[in-house]
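Structure, as structure tokens:
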Protein chains: 2
Amino acid sequence: MICEKIKLWEDNEHGFLETYIPKNSEEITTDKKRPTVIICPGGAFLATTDREAEPVAMRFVAQGYNAIVLRYNTYFGKKVTDRKNPPKGNDKSAYPQPLFDIAKAMLIIRENAENWLVDNDKLVLCGFSAGGNVVANMGVHWHDELLKEKFNVDSEMFKPNAIILGYALTDHMAMKKGVSANNEGAKKFAELANKAAFGKEYPSEEELMEASPVNYVTEKVPPTFIWHTGDDAAVYVANSLGFASTLSKHKVPYELHIFETGVHGLSLCDETTAANENHINPGCKQWFDLAVNWLRKHDVKL
Amino acid sequence: MICEKIKLWEDNEHGFLETYIPKNSEEITTDKKRPTVIICPGGAFLATTDREAEPVAMRFVAQGYNAIVLRYNTYFGKKVTDRKNPPKGNDKSAYPQPLFDIAKAMLIIRENAENWLVDNDKLVLCGFSAGGNVVANMGVHWHDELLKEKFNVDSEMFKPNAIILGYALTDHMAMKKGVSANNEGAKKFAELANKAAFGKEYPSEEELMEASPVNYVTEKVPPTFIWHTGDDAAVYVANSLGFASTLSKHKVPYELHIFETGVHGLSLCDETTAANENHINPGCKQWFDLAVNWLRKHDVKL
């Protein structure tokens, strides 16, 4: 297993990859290329949570995938344990930096394709919550001039073959509408999350729209697997319903699973990722097998 | 993930461990101890095959286990690709060296319990084919004076909490009966395998019996999960039927699954471990989930 930490940028300590690449064994299938998944954990752009990182990678590796966790630029980098003395914020966490991070991750993976046995036609992006925003943005923007100019390479280099969105934030406007003006705690959190995602506490509607992938869906979006819980109180199910609806209009192949109940941030829904009992949810746990079977249908498999 | 290669013995290059220990994350369940599985790949005591190593470890890690592959002493160490010019044989591959290797592995794991978050009451041994012989021998001999004297520690240190046997060689006599005197190829292979397992081409019946765990079953054997295919042409199903029968007599809790058909060496029965099409067997693939559910029943779980 190749377990490495790889920096995305020379001048930035925040963005990096964690690789989980199985051994190339001549006893199994020598040099056989593998599907590769880039996993973007959530964390409200304040951090990338471990709960949606290594354990998810392990689940994919067990199914024959290369897995790579993308620690995109976030405001604090790690979960803040001492809330009274938070570390200095990272001024590079705001949109579109995370989009540049995932684009750079794809280039690094393609550069290492031979050594890591990457099948360049089987690249999956899998994101949760805020990480789902990063993934969905890549799904809608991979062919944009923005990325082509930034990196000076062919757009095809950024094309994902499938994307997986777990309780993903795809519509900042839907989020804004949900924050009650009467809830001080929620307002404070929204301000901090906005500082992280936009570099300011009060982004304009234009800025909110710009960072919302739901507004950029075209027929070029790759096949998309979406799951959410109906009563998610942090990232509202309206995000996934709206995104699926837009995919449907543009005839993008997609699969949508709304499980009736479950808290936000379920990750794998079992003991391997649970921080508390609410994170154990046998009803929602099926999402992973559903997703892998769906990937197989799209030939994104070993 | 702690991925390390650890030598078992100072004076022996052949025996070593490969560790797959998930990260201790304060975001999931800080310092929570995990069940740990030691995986012994098969290979007729000539080598330990990759096909029953890392991919099997990944499957367990994905379920929340620590996984450790034991490369016990074998005759060639690695699969011999140039059969005309095989490497020099390892004179330490013969019984009881592999038993000492697995005993040493258990001590190393207990020594590292704190750092690796090992739950010392949830140690599982999982062996395939010849590796199943090593595991089954540990299952029957863990309380023996032989090990206690060799290592000068309490027998409890060697006690597994459960064992898993995949098409395991548990009865050398049953194997001997199966080799047809008219098949020159099979005879030659049996001689080489005997050289590896016993240090001689023609071990005595007494020596064959001594290395056969089926002859040492007592009520002290830990709960045992066994699977095999009915038409295994390399390690005959008589091994598993006989072993289960003896466990039954001694009232050892066990579970037995004989799948109707399947070649020898199926490992995970799918693309992740297949070296050829015969190794893809959806019918037998259930063994892994059956085994994990059975471990849960015995509380050997996260």
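Lettering follows sequence order; numbering is per chain, from 1.
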Which residue out of A:Ala275, A:Gly64, A:Ala53 racks up the most heavy-atom pairs below 4.5 Å with chain B?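 Looking at each option in turn, the highest pair count goes to A:Ala275.
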Okay, side chain of B:Glu27, backbone of A:Asp50: is any donor-acceptor separation there less than 3.5 Å?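 Answer holds: yes.
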Does A:Arg51 use its side chain to pair, donor to acceptor, with the backbone of B:Ile28 at less than 3.5 Å?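 Checked: no pair found.
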Please check if atom NZ in A:Lys79 has more than 12 non-hydrogen atoms from other residues, nucleotides or ligands closer than 6.0 Å.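 No, NZ of A:Lys79 has 12 or fewer neighbouring heavy atoms, counting only those of other groups under 6.0 Å.
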Would you indicate whether A:Lys7, at its atom NZ, is surrounded by more than 12 heavy atoms from other residues, nucleotides or ligands within a distance under 6.0 Å?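 Enclosed.
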Where on A:Ser25 is there a heavy atom nearer than 4.5 Å to chain B: the side chain, the backbone, both, or neither?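 When you check distances to chain B, atoms from both the backbone and side chain of A:Ser25 fall under 4.5 Å.
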Part of A:Pro55 within contact of chain B (heavy atom distance under 4.5 Å):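 For A:Pro55, side-chain heavy atoms alone lie under 4.5 Å from chain B.
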Quick check on B:Thr49 against chain A: is it the side chain, the backbone, both or neither that has a heavy atom closer than 4.5 Å?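 Both parts, backbone and side chain.
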Quick one: what part of B:Tyr20 sits under 4.5 Å from any heavy atom of chain A, side chain, backbone, both or neither?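 Side chain only.
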Qualifying residue, where the test is side chain to side chain contact (heavy atoms under 4.5 Å, CB included) with A:Met58 and the options are B:Gln63, B:Arg59, B:Met1: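 Output: one option passes, namely B:Met1.
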Determine the sole option in A:Lys32, A:Arg296, A:Lys301 for which the salt bridge (Lys or Arg N to Asp or Glu O under 4.0 Å) test with B:Glu271 is passed.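 It is A:Arg296, the one option of A:Lys32, A:Arg296, A:Lys301 that forms the salt bridge (Lys or Arg N to Asp or Glu O under 4.0 Å) with B:Glu271.
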